[in-house]
Amino acid sequence: MSKRLSGKRILITGAAQGIGLAIAKAVVREDASVFLIDRDDVLLREEAEKLKGGEYHVGYIRADITDAKAILAVVEQACTEIGPLNALINNAGANVFSEPLETTDEEWNRCFDINLKGAWNCSKAVLPRLLEQDGGVILNIASTHAFTIIPHTFPYPLAKHALLGMTKSLGLEYAAKNIRVNALAPGYVATQKAIDYWNSFPDPAAAKAETMRLHPGGRIATPEEIAMAAVFMISDECPFMNATCLTIDGGLSVQQHPA
Ligand SMILES: NC(=O)c1ccc[n+]([C@@H]2O[C@H](COP(=O)([O-])OP(=O)(O)OC[C@H]3O[C@@H](n4cnc5c(N)ncnc54)[C@H](O)[C@@H]3O)[C@@H](O)[C@H]2O)c1
């Protein structure tokens with residue numbers, strides 16, 4: 001086993017499935033200890049129990065990142081169970097897609113609560129711990145929606161744009177304190193979220209085929225491919241990478257149009 005993350009104690013949100021779970025598996029393989037949270041209690045327990053058993057520590061608890069008070073208690077528990085945290089991965093997020101003029105206040109608030117405020121709630125709870133530890137890392141799982149727009153996905157990209165803004169802002173605020181804050185911007189990734197997106201079209205198979213056709217390499221990412229980049233970004237292999245964003249989309253966002 002390689003030990004690229006020995007000594008790292010990482011809190012990961014939205015870790016019961018998809019990209020968050022792939023990151024959890026990848027970081028424990030690299031010898032990190034993890035504390036996993038998700039609002040899906042059943043799935044979280046099932047997956048976290050499978051991860052236990054190695055030499056590393058795995059803790060978990062059901063929590064909703066939109067509940068700032070609960071998150072404070074979660075961070076306290078995480079530090080007690082796996083030791084003082086030195087990394088946070090803000091991964092939990094959810095699609096909220098609507099036609100702009102039909103977007104209700106409830107949809108708007110849900111979108112920003114989950115995709116922006118939740119990451120802030122966790123960052124606000126973890127940052128004092130990182131300052132006590134004389135440094136650490138926050139990695140926000142943003143999206144190519146943080147700098148490009150797919151029509152008919154309003155207001156989700158707005159929240160991801162803001163998450164990228166928060167990444168830059170916190171990265172600058174705490175750079176002198178040895179805290180790095182970065183974002184990772186996946187394009188399409190093969191998770192339940194992508195399946196739900198295709199299922200929102202009248203012909204899901206055609207929608208999926210169209211997604212593949214748009215990609216220069218004819219395919220989308222696996223969650224494991226995103227997780228490998230996350231391992232690098234929270235490791236000590238990139239100590240001067242701060243307040244920036246790494247895009248992983250197979251080249252989709254720089255393409256003017258498909259061939
Ligand atoms: N799948 C993609 O194509 C894709 C592309 C770009 C960015 N992303 C981003 O990556 C992240 C993970 O996406 P995914 O595809 O793995 O999604 P997913 O739906 O497969 O998993 C997300 C997990 O987050 C949890 N979650 C959602 N809201 C929560 C909350 N309020 N509190 C706690 N847990 C919560 C869900 O229960 C779920 O287990 C998200 O931030 C998403 O925006 C995904």
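Counting starts at 1 for both ligands and their atoms, following the listed order.
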Quiz item: Hey, are Ser123 and Asn90 close enough side-chain-wise for a donor-acceptor pair under 3.5 Å?
Solution: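 Yes, because at least one side-chain N or O of Asn90 sits under 3.5 Å from a partner of the opposite role on Ser123.
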Quiz prompt | Lys193, NZ: over 12 other non-hydrogen atoms inside 6.0 angstrom | solution =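 Counting neighbours around NZ of Lys193, more than 12 heavy atoms of other residues, nucleotides or ligands fall under 6.0 Å, so yes.
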Quiz item: Does Asn140 reach the main-chain N or O of Ala183 with its side chain, forming a donor-acceptor pair under 3.5 Å?
Solution: no
Self-check item: Phe97/His152 aromatic ring centres below 6.0 Å
Solution: no
Identify all pairs of nitrogen or oxygen atoms, one from ligand 1 and one from the protein, separated by less than 3.5 Å, and list them with distances.
unit_1   : atom_1 : unit_2 : atom_2 : d
ligand 1 : 1 (N)  : Val189 : O      : 3.4
ligand 1 : 1 (N)  : Thr191 : OG1    : 3.0
ligand 1 : 3 (O)  : Val189 : N      : 2.8
ligand 1 : 3 (O)  : Val189 : O      : 3.4
ligand 1 : 15 (O) : Thr191 : OG1    : 2.5
ligand 1 : 16 (O) : Ile19  : N      : 2.8
ligand 1 : 28 (N) : Arg39  : NE     : 3.3
ligand 1 : 31 (N) : Asp64  : OD1    : 2.9
ligand 1 : 32 (N) : Ile65  : N      : 3.0
ligand 1 : 34 (N) : Arg39  : N      : 3.2
ligand 1 : 37 (O) : Asp38  : OD1    : 2.6
ligand 1 : 39 (O) : Gln17  : NE2    : 3.0
ligand 1 : 39 (O) : Asp38  : OD1    : 3.2
ligand 1 : 39 (O) : Asp38  : OD2    : 2.6
ligand 1 : 41 (O) : Asn91  : O      : 2.7
ligand 1 : 41 (O) : Lys160 : NZ     : 3.0
ligand 1 : 43 (O) : Tyr156 : OH     : 2.6
ligand 1 : 43 (O) : Lys160 : NZ     : 3.0

Quiz item: Mind checking whether His145 and Tyr156 have parallel, tilted or perpendicular rings, split at 30° and 60°?
Solution: perpendicular
Self-check item: Electrostatic pair Arg110:Glu107 at N-O distance under 4.0 angstrom
Solution: no
